[in-house]
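Each remark here refers to the structure printed beneath this line.
Computed from a predicted structure; not experimentally measured.
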Amino acid sequence: MKKSVLAAAFAAGLAGAVFVAPAASAANTLSVCETGCAYPTLQSAVDAAQPGDTIHLQGNLTVAGTTTVHKDVTITGTAGVTVTQTASAVTFLMSAPGSSLSGLTVTSDAPYPREFVQIGANDVTVEGSTISGPAQALPMSGWVGNRAVVTQGGISGLSMTGNTFHSLRSGAYLNPNGSGTIAGNTVYNTKGDFLIDNADFTFEDNRRGPAAQPSEWGFVVFATTSPDRYPSMPALSSANNNMSAWDQRTNEKVVAPQTAENCKDGGWSTYSSPAFRNQGQCIKLVTVTAGS
């Protein structure tokens, strides 16, 4: 009898109890600089981090190889801090879903035939960063094949927004069947800003940079690309502030004037896609694009 009473009392106590799950650990910020920080290299910080942590670069950093971002972490840096690559290597390999680069400045001490960032996982973010190579002598056809970003085939969920890529053989090489959003980036002084090899990204509000440092092409759609992807070069150009576009499947080309001078002395009449009725219409397009 006593046992049954005790059991009933214990059960009643359980029914009224409130169980509190242990709190999730808060995300940490790991500092990186060559001397005086918790971590001397980006790789050591990534290796020590937990998913959700932020790795903050506090001073200029020279690297001679690849930082493999194999965890869902964000790498960012203090404004003005630069990562300089000194070897023929990918600088950042984004191999973890959800990993991010944000607000970084990345360059190299010499032109190397490698990309600065390789996207090797789904749902990667590259935002607010400036990636550039050192100056190379013209013509661009002789430039070393350095690139800001290369996507591995079949990745999805890429968000590449608000970046500046310049002084490179190409801004981004997009391998087959990758998808995501590429928006609000400024790209200039390349042989081809976005090279599309049967990829399937959404491009919105990207733009060229200074007229004094033009790229040869804004978009190049390779002949290997499926016909249902980017069927209209005028539409692709219009959605991206009249960047130039070349469809190698059909040889359709869209080239808009970059300066008002391009429209003067009959220059407006040399454009066919887009075409203009007069000089004023041509200059208006240049003005609108420059102010967008």
Side-chain angles (χ1 to χ4, degrees), residues 42 54-55 57 66-70 72-77 83 85 90-108 114-133 145-209 215 217-222 225 229-230 236-237 239-241 243-245 292:
L42 289 167
T54 295
I55 296 169
L57 181 59
T66 302
T67 297
T68 301
V69 186
H70 55 87
D72 174 9
V73 296
T74 296
I75 299 180
T76 188
V83 177
Q85 176 66 262
V90 173
T91 304
F92 293 100
L93 172 57
M94 311 300 289
S95 63
S99 55
S100 301
L101 297 179
S102 179
L104 292 178
T105 299
V106 187
T107 189
S108 60
R114 302 303 301 268
E115 62 271 24
F116 285 97
V117 181
Q118 184 178 131
I119 310 298
N122 296 336
D123 303 317
V124 168
T125 296
V126 180
E127 63 181 5
S129 296
T130 298
I131 302 176
S132 64
N146 53 355
R147 294 166 171 146
V149 176
V150 171
T151 59
Q152 293 183 11
I155 62 96
S156 64
L158 173 66
S159 176
M160 190 159 73
T161 61
N163 302 287
T164 299
F165 305 147
H166 69 90
S167 305
L168 302 155
R169 176 72 180 229
S170 59
Y173 191 105
L174 307 168
N175 275 297
N177 301 314
S179 62
T181 299
I182 298 176
N185 303 287
T186 300
V187 192
Y188 61 95
N189 199 28
T190 82
K191 189 168 176 59
D193 294 342
F194 298 105
L195 306 183
I196 303 169
D197 184 2
N198 198 31
D200 194 21
F201 292 91
T202 298
F203 296 95
E204 298 174 338
D205 199 31
N206 299 288
R207 68 195 64 240
R208 60 196 181 212
S215 296
W217 287 99
F219 295 93
V220 180
V221 180
F222 288 178
T225 302
R229 295 176 178 176
Y230 316 107
L236 181 61
S237 174
N240 292 277
N241 296 290
M243 292 175 70
S244 60
S292 61

N/O donor-acceptor pair under 3.5 Å between N240 side chain and N206 backbone: yes
Interatomic distance, OG1@T161 vs CD@E204, rounded to 0.5 Å, equals 11.0 Å
Any donor-acceptor pair under 3.5 Å from S170 side chain to R147 backbone: no
Applying side chain to side chain contact (heavy atoms under 4.5 Å, CB included), can you list everything that pairs with A148, at least two apart in sequence or on another chain? I131, F165, L168
The ring pair (Phe, Tyr, Trp, His ring centres under 6.0 Å) partners of Y230 (sequence neighbours excluded) come to F203
Between the side chain of T105 and the main-chain N/O of T130, is any donor-acceptor distance below 3.5 Å? no
Which residues pass the side chain to side chain contact (heavy atoms under 4.5 Å, CB included) test with S100, sequence neighbours left out? T74, T125
Which residues pass the ring pair (Phe, Tyr, Trp, His ring centres under 6.0 Å) test with H166, not counting sequence neighbours? Y188
Can you tell me how far apart CG (D200) and OG1 (T202) are? Round to the nearest 0.5 Å. 7.0 Å
Counting only N and O atoms by type, is there a donor-acceptor contact under 3.5 Å from the side chain of T186 to the main-chain atoms of R207? no
Close side-chain approach of V69 to I55, heavy-atom, < 4.5 Å: no
Sequence neighbours left out, cut at 3.5 Å: what donor-acceptor pairs do the side chains of residues 149-160 make with other protein atoms?
from : atom 1 : to   : atom 2 : distance (Å)
T151 : OG1    : N175 : N      : 3.1
Q152 : NE2    : Q118 : OE1    : 2.6
S156 : OG     : N122 : OD1    : 3.4

When rounded to the nearest 0.5 angstrom, what distance separates OG1 in T190 from CH2 in W217? 12.0 Å
Separation between CG of D72 and CE of M94, rounded to the nearest 0.5 Å: 9.5 Å
Does anything in residues 166-175 pair up under salt bridge (charged side-chain N to carboxylate O under 4.0 Å, His left out), and if so which pairs, sequence neighbours excluded? none
Taking T66 for its side chain and V90 for its backbone only, find out whether a donor-acceptor pair lies under 3.5 Å. yes
Measure from the side-chain N and O atoms of S215 to the backbone N and O of N189, and report whether any donor-acceptor pair falls under 3.5 Å. yes
What is the distance from atom CD1 of I75 to atom OG of S99, rounded to the nearest 0.5 Å? 8.0 Å
Main chain of I196, side chain of T225: is a donor-acceptor contact present, judged purely on distance under 3.5 Å? yes
Is any side-chain heavy atom of L174 less than 4.5 Å from a side-chain heavy atom of I182? yes
The ring-ring contact (aromatic ring centres under 6.0 Å, His included) partner of F194 among Y173, F222, F219 is F219
G218 and S244 have their tightest heavy-atom pair at N-OG, 2.8 Å
Between N163 (side chain) and S129 (backbone), is there a donor-acceptor pair under 3.5 Å? yes
CD of E115 to CZ of F92, rounded to nearest 0.5 Å, is 13.0 Å
Looking at side-chain heavy atoms only, is the closest gap between R208 and N241 below 4.5 Å? no
What one should report as the nearest heavy-atom pair of A199 and R229 is O-CD, 3.5 Å
